[in-house]
Protein chains: 2
Amino acid sequence: MKTIGKLAKELDLGVETIRFYEREGLIKQPQKPQNGYRVYDDSITKQLQFICKAKALGFTLKEVASLMSMDGDCAKVESLGLQKLSLIQSKIADLQRLEVVIKEMTNSCRNNNDQSHCPIIDSLK
Amino acid sequence: MKTIGKLAKELDLGVETIRFYEREGLIKQPQKPQNGYRVYDDSITKQLQFICKAKALGFTLKEVASLMSMDGDCAKVESLGLQKLSLIQSKIADLQRLEVVIKEMTNSCRNNNDQSHCPIIDSLK
DNA sequence: ATTGACTCCGTACCTATCTACGGAGTTTAC
DNA sequence: GTAAACTCCGTAGATAGGTACGGAGTCAAT
């Protein structure tokens, strides 16, 4: 049993972040004894780690909430995962196209001898 | 010479967006005749197109402002381009790592026979 | 001359994910 | 026993890049 501050330190989260997740419905408010302080048991740690990991995979907090509420329905979870996968793949493709364009631009800059004129600026005009 | 509405339509931007760019210092307020309406000449069109293109390449509005003020200093422009390039490359790398993880997860979901248990959820726990 | 479309300005609102603040009550350490 | 550290709550602020609104003035067409 620990208060919110210890929990936050343990997970390297801010106290405010935990309260925020509670407000957003990702975790529920634990029972509070007479003094009004939140008191958590160990199960909250797993829940918050789940949230952090899913967030790191690119799920939004709303999606994390969905994932948690789907609890075990593998087909639904897979579908959300596939959806996220295709989003990631199209982001990668977008960025790779950008990469090519910017590479070309900086290359042309490097080969440029005319100091009064920048090919990047020109190409954007 | 055109008013803000025509300009916005021509470039497929919102009127508010143009005013916003003005407030942010990306373009300057044109001279206004007695009636107080902004009146633009053709040079603004190029400036706004420059902004749109640079934005599409992933430059933030602040960076676009920088680019415009560097006007022609090729070394500076190249350096900003290279910086953006490396940002893009690291984003790509991040997303590719994510892609692998999520692929693995959805695959294990697909091969899962135990309806009461989802390997994605499990792996996040 | 009237109606509808356009413009002005400042400000509030939007998404997402927190982060900070203020003032009051509580617990802990010395 | 008192001072520091912790907690409570609700609300405001931050970020980026706009979008929307309200009331008032102006312009174009009929």
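Numbers restart at 1 for each chain; the letters A, B, ... are given by sequence-line order, proteins then strands.
If you measure from atom CG of A:Leu13 to atom C1' of C:dT17, you get 12 Å, rounded to the nearest angstrom. With rounding to whole Å, B:Lys62 atom NZ is found 12 Å from D:dA14 atom P. Summarising the geometry, the separation between CE on B:Met1 and P on C:dC6 is reported as 21 Å, rounded to the nearest angstrom. Between the CD atom of A:Glu63 and the P atom of C:dA16 there is a distance of 10 Å, rounded to whole Å. Distance, A:Gln29 CD to D:dC8 C1': 10 Å, rounded to whole Å. The distance from atom CG of B:Leu26 to atom P of D:dG18 is 9 Å, rounded to the nearest whole Å. Here C:dT19 presents its C1' atom at 12 Å from OH of A:Tyr21, a figure rounded to the nearest Å. For the pair A:Lys2 NZ and D:dA5 C1', the interatomic distance rounds to 20 Å; values are reported in whole Å.
When heavy atoms are screened at a 4.0 angstrom cut-off, B:Gly14 is found touching no nucleic acid atom at all. Residue contacts shown for B:Glu22 are absent, as no nucleic acid heavy atom lies under 4.0 Å away.
Of the candidate nucleotides C:dT11, C:dC21, D:dG17, D:dG17 has the atom lying nearest to any side-chain atom of B:Phe20. Distances from the side chain of A:Val15 to the nucleotides D:dT19, C:dT17, D:dT7 place D:dT7 closest. You'll find that the side chain of A:Ile4 is closest to D:dC8, out of D:dG18, D:dC8, C:dC21.
Comparing B:Lys32 and B:Lys9 by the nucleotide of DNA chain C that holds the closest heavy atom to each, the one mapping nearer the 5' end is B:Lys9.
Counting distance only, with no hydrogens placed and no angle test, the side-chain atoms of B:Arg19 and the base atoms of C:dG10 include a donor-acceptor pair under 3.5 Å.
Between A:Thr17 and C:dT17 there is no side-chain polar atom (N or O) within less than 4.0 angstrom of OP1 or OP2. Proximity of A:Thr3 to the phosphate of D:dT7: a side-chain N or O atom is located under 4.0 Å from OP1 or OP2. Under 4.0 angstrom from either OP1 or OP2 of D:dG18 there lies at least one side-chain N or O belonging to B:Lys55. Contact annotation: A:Arg38 side-chain N/O to C:dT26 OP1/OP2 distance is not under 4.0 Å.
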Between protein and nucleotides 23-30 of chain D, map the contacts as a letter string: B base, S sugar-phosphate only, - none, heavy atoms under 4.0 Å, written 5' to 3'. --BBS---

Could you walk me through whether A:Phe50 and A:Val64 pass the side-chain contact (heavy atoms from CB on, under 4.5 Å) check? CA-CA 9 Å; A:Phe50 180 101; A:Val64 177; 4.3 Å; yes

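The existence of a salt bridge linking A:Glu22 and A:Lys28 is excluded, since no basic side-chain nitrogen approaches an acidic carboxylate oxygen closer than 4.0 Å.
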